[in-house]
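These numbers come from the heavy atoms of this one structure, side chains and all, not from hydrogens, waters or symmetry mates.
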Amino acid sequence: MPITKEVGASKHPVVERYARYLNGPMGKKVLENLDEGESFILQTSEHTLRVTKRNSRAIVNLLSIS
């Protein structure tokens, strides 16, 4: 599935949920293993998200919804 554009705003409940998780104590190890500016794609059964580390925080963007 090619990703062509971001489709969601940062206020989408899924984006908020993953951002809260990744920026909390349980997501600390994930962020420790990313370099500043590095990103990865997280795909669930319904959503595709891009997670980027900026200023030592996870920035979550919604790329697509199934």
Nearest 0.5 Å, please: how far is CZ in R50 from OG in S64? 11.0 Å
Tightest non-hydrogen contact, residues L62 and V15, listed as CB-CG2, 3.7 Å
Please examine the side chains of N61 and L49, heavy atoms only from C-beta on, and report whether any two atoms are closer than 4.5 Å. no
Could you tell me if the side chain of H12 sits less than 4.5 Å from the side chain of I65, heavy atoms only? yes
Side chains of V30 and F40, heavy atoms from C-beta outward: is any pair under 4.5 Å? yes
Would you indicate whether the side-chain heavy atoms of V60 and L22 approach each other to under 4.5 Å? yes
Main-chain N/O of A58 paired with N23 side-chain donor or acceptor, under 3.5 Å: yes
Residues S66 and S45: closest non-hydrogen pair is OG-O, 3.5 Å
At their closest point, which heavy atom of K53 faces which heavy atom of L34, and how far apart are they? NZ-O, 3.0 Å
Which residues pass the side chain to side chain donor-acceptor pair (under 3.5 Å) test with E32, sequence neighbours left out? K29
Do T48 and I41 have side-chain heavy atoms sitting under 4.5 Å apart? yes
Salt bridge (charged side-chain N to carboxylate O under 4.0 Å, His left out) partners of residues 33-44, not counting sequence neighbours, each pair once: none
Hey, what do you get for CG (L42) to NE2 (H47), rounding to the nearest 0.5 Å? 11.0 Å
